[in-house]
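This report concerns only the one structure given below.
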Amino acid sequence: MLEIPMFFGFVGLSDTIIILPCLLIWDFTGWECFSLPPTNDLWTLLLIDGFVGTVLSELLWLWGVFLTSPLIGTLSLTLVTPLSIVYSIFVGKASLSWEFFLGAAVMIVAFVCITLLDNYGNWDPLWILMKKLFNAARRMRAHRGYESLAITPQASHSTDDSTAIGSS
């Protein structure tokens with residue numbers, strides 16, 4: 001079992017080894033100019049956003065992956081955008097059309113269905129639905145008085161076609 005602090009340590013180390021040289025090359029070539037924030041207010045906002053927006057959110061996501069599965073953890077990230085927009089609507093900062101709500105509802109229903117399927121590994125709701133439909137059709141057919149179309153043992157020796165299909 002991988003420990004969360006060790007995982008974040010390796011992520012930080014790999015970022016430092018891989019990304020830092022790229023940033024230095026981009027700054028040196030002038031492709032991208034980097035500068036430090038000029039005011040203390042920007043530093044404060046940058047540190048708060050770095051902690052809440054990156055460290056805390058990644059920590060909670062990784063903890064969710066450990067508690068559930070990588071599939072559920074990754075799919076839960078797709079709910080961030082619709083839920084943040086719904087929050088903006090509730091605080092009065094946005095108004096959207098019914099198509100957005102339909103799309104958000106479809107995403108939430110899909111997430112719930114996949115979560116249920118992932119939680120119950122041997123459960124196949126499509127197979128259960130097909131069996132129920134088949135059994136309902138058989139009951140309706142039996143209720144209407146139709147007999148089964150299976151060949152009966154007595155009819156298999158008969159040469160008369162009217163008795164070949166089981167009808168009583």
Side-chain angles (χ1 to χ4, degrees), residues 1-140:
M1 179 92 151
L2 183 67
E3 294 182 19
I4 293 175
M6 183 186 299
F7 177 78
F8 279 118
F10 283 127
V11 169
L13 180 65
S14 65
D15 285 349
T16 303
I17 292 172
I18 296 170
I19 295 177
L20 186 62
C22 294
L23 294 177
L24 293 174
I25 291 171
W26 292 342
D27 189 44
F28 179 73
T29 60
W31 191 38
E32 184 71 42
C33 289
F34 295 101
S35 63
L36 297 175
T39 65
N40 287 337
D41 291 339
L42 288 177
W43 272 107
T44 304
L45 290 174
L46 186 64
L47 290 174
I48 290 172
D49 182 57
F51 178 72
V52 173
T54 305
V55 175
L56 187 61
S57 66
E58 290 295 320
L59 181 70
L60 292 174
W61 173 78
L62 187 60
W63 187 28
V65 167
F66 281 146
L67 291 176
T68 58
S69 70
L71 174 67
I72 301 301
T74 304
L75 286 177
S76 65
L77 292 178
T78 63
L79 297 178
V80 169
T81 302
L83 292 177
S84 64
I85 293 174
V86 167
Y87 172 77
S88 297
I89 290 170
F90 283 132
V91 295
K93 292 185 179 180
S95 63
L96 297 167
S97 65
W98 64 272
E99 290 98 352
F100 169 78
F101 292 105
L102 179 66
V106 168
M107 287 178 66
I108 290 171
V109 166
F111 177 76
V112 168
C113 290
I114 291 172
T115 302
L116 288 173
L117 289 173
D118 188 55
N119 191 27
Y120 302 107
N122 295 335
W123 180 51
D124 189 356
L126 192 57
W127 177 250
I128 292 171
L129 176 67
M130 295 302 291
K131 284 185 355 184
K132 287 185 179 194
L133 289 175
F134 179 74
N135 289 335
R138 266 189 13 200
R139 280 192 304 272
M140 284 177 40

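The chain is numbered in sequence order, starting from 1.
- Shown here are the ring-ring contact (aromatic ring centres under 6.0 Å, His included) partners of W31, two or more places apart in sequence or in another chain: W26.
- For the atom pair CG of L47 and CG of N40, the computed distance is 10.5 Å after rounding to the nearest 0.5 Å.
- For the ring pair (Phe, Tyr, Trp, His ring centres under 6.0 Å) condition, no pair includes a residue of residues 74-112, sequence neighbours left out.
- Summarising the geometry of M107 relative to T78, their closest heavy-atom pair is CE-O, 3.0 Å, with the distance given to 0.1 Å.
- Under a 3.5 Å cut-off, the side chain of S57 and the backbone N or O of T54 do form a donor-acceptor pair.
- Surrounding CZ of F28 are at most 12 heavy atoms belonging to other residues, nucleotides or ligands under 6.0 Å away.
- Rounding to the nearest 0.5 Å places SG of C113 at 12.0 Å from CD1 of I108.
- Nearest heavy atoms, L42 versus P37: CB-CB, 3.8 Å.
- If you take OG1 on T74 and CD1 on I114, they are separated by 11.0 Å, rounding to the nearest 0.5 Å.
- Put simply, CG on L23 and CG on D15 are 10.0 Å apart, with the number rounded to the nearest 0.5 Å.
- The CG atom of L67 sits 10.5 Å away from atom CG of L60, with the distance rounded to the nearest 0.5 Å.
- If you take OG on S69 and CG on L75, they are separated by 8.0 Å, rounding to the nearest 0.5 Å.
- Heavy atoms only, all atoms of each residue included: C33 and D27 are closest at CA-OD1, 3.7 Å.
- Taking each heavy atom of V52 and L56 in turn, the nearest pair found is O-CB, 3.7 Å.
- Taking each heavy atom of S76 and W61 in turn, the nearest pair found is OG-CD1, 4.4 Å.
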